[in-house]
Amino acid sequence: MGNWLFKSEPEVFSYADLEGEKKKTTHWEGVRNYQARNMLRDQIKLGDRVFFYHSNCPEPGIVGIAEVVKEGYPDHTAFDAKARYYDEKSVADKPRWYMVDIRAVRALQRVIPLSELKAQEKLDGLALIRRGNRLSVLPVSDAHWQEILALEPVA
DNA sequence: GCCAACGTTGGC
DNA sequence: GCCAACGTTGGC
C-alpha cells in the first residue's frame, strides 16, 4: 500500500470541504505538472493513504487523512474551455492530465505544522521538506507515515 | 539543444 | 509583499 501527501490551499479546497462533499469524496482535479501527473496516473492505487496538507495559509501543515477510492483517470476539467483548469492541449482521446478520487477518513486531532515536520530528524528525506519541492502530490514512505502519525497525540 | 525570460508555488 | 526555486516557453 502506498502513502502520499496531497497539498491544497484551504481557501480553494480545505480538508473540511472534503468532509462536506457528498460521500466525503472528491476528484483531485487540476494537477498540471508532469511529475505529479505520472504519480496520479501510474502509481497511486486504490486504498492508498493520503495526508491532506494545507499550503499557502497562516499555518501550513497536515490536517487530515484521506484514502484513494478511484485510481487514475483522465482529468476531464482539462477538456472544458470554460473550466478553471482548461488545457487546450489535452483532448479526450489523448488526455494529458489525470486525477484520482479521494475520500476523507478523519481529521487529525491537531494540525501538524510544517515547522514541526522540518524539526524532526526522523523525517529527513521526506519529499515535502526537501528544498524546493513544490509538487502538489508527493510520496511518503511507510516509516515517515508512522513517524508523522506518532506526532499527532496532543501532549 | 541551449538558455533567457517569464509564470507559478508557497513559505515567511 | 517579497523572493527563492522551479517548470515552461520560445527564440535561436
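Below, chains carry the letters A, B, ... as their sequence lines are ordered, and counting in each starts from 1.
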* To do: For DNA chain B, determine which residues of residues 53-65 of chain A have any heavy atom closer than 4.0 angstrom to one of its atoms, and list them numerically.
  => A:Tyr53, A:Ser55, A:Asn56, A:Pro60
* **Contacts of type side chain to side chain donor-acceptor pair (under 3.5 Å), residue A:Glu19, not counting sequence neighbours** => A:Tyr15
* Using a cut-off of strictly less than 4.0 Å between a heavy atom of the residue and any atom of DNA chain B, enumerate the qualifying residues of residues 114-123 of chain A by number. => A:Leu114, A:Lys118
* Side-chain hydrophobic cluster, 4.5 Å single linkage: members besides A:Met99 -> A:Tyr73
* Only pairs at least two apart or in different chains count here, so list each side chain to side chain donor-acceptor pair (under 3.5 Å) that has a residue in residues 105-117 of chain A. => A:Arg106-A:Glu152, A:Arg110-A:Glu116
* To do: May I have all residue pairs that pass salt bridge (charged side-chain N to carboxylate O under 4.0 Å, His left out) and include part of residues 43-62 of chain A, sequence neighbours excluded?
  => none
* Structure fact -> A:Ser8 meets the side-chain contact (heavy atoms from CB on, under 4.5 Å) criterion, sequence neighbours left out, with A:Phe13, A:Trp28, A:Phe52
* Would you indicate, yes or no, if B:dG10 has its OP1 or OP2 atom less than 4.0 angstrom from a side-chain nitrogen or oxygen of A:Lys7? => yes
* To do: Locate the shortest heavy-atom distance separating A:Asp75 from A:Val31; write the atom from each residue and the value.
  => OD2-N, 4.2 Å
* Asked: Who are the side chain to side chain donor-acceptor pair (under 3.5 Å) partners of A:Glu21, not counting sequence neighbours?
  -> none
* Scan for ring-ring contact (aromatic ring centres under 6.0 Å, His included) pairs involving residues 111-140 of chain A, sequence neighbours excluded, and state none if there are none. => none
* Specify the separation, in whole Å, of atom CG of A:Leu128 and atom C1' of B:dG11. => 11 Å
* To do: Quick one: label A:Glu9 by what it contacts on the DNA or RNA (base, sugar-phosphate, nothing), any heavy atom closer than 4.0 Å.
  => nothing
* Structure fact -> Protein-proximity profile, nucleotides 1-7 of chain B, B/S/- by nucleotide at the 4.0 Å heavy-atom cutoff, equals -------
* Taking side chain to side chain donor-acceptor pair (under 3.5 Å) as the test, write out the residues that go with A:Asn33, two or more places apart. => none
Let me have the donor-acceptor pairs involving side chains of residues 34-42 of chain A, under 3.5 Å, with sequence neighbours excluded, atom names and distances please.
residue : atom : partner : partner atom : Å
A:Tyr34 : OH   : A:Arg96 : NH1          : 3.1
A:Arg37 : NH1  : A:Arg96 : O            : 2.8
A:Asn38 : ND2  : A:Tyr34 : O            : 3.4

* **d(CD, A:Glu11; P, B:dT9) in whole Å** => 14 Å
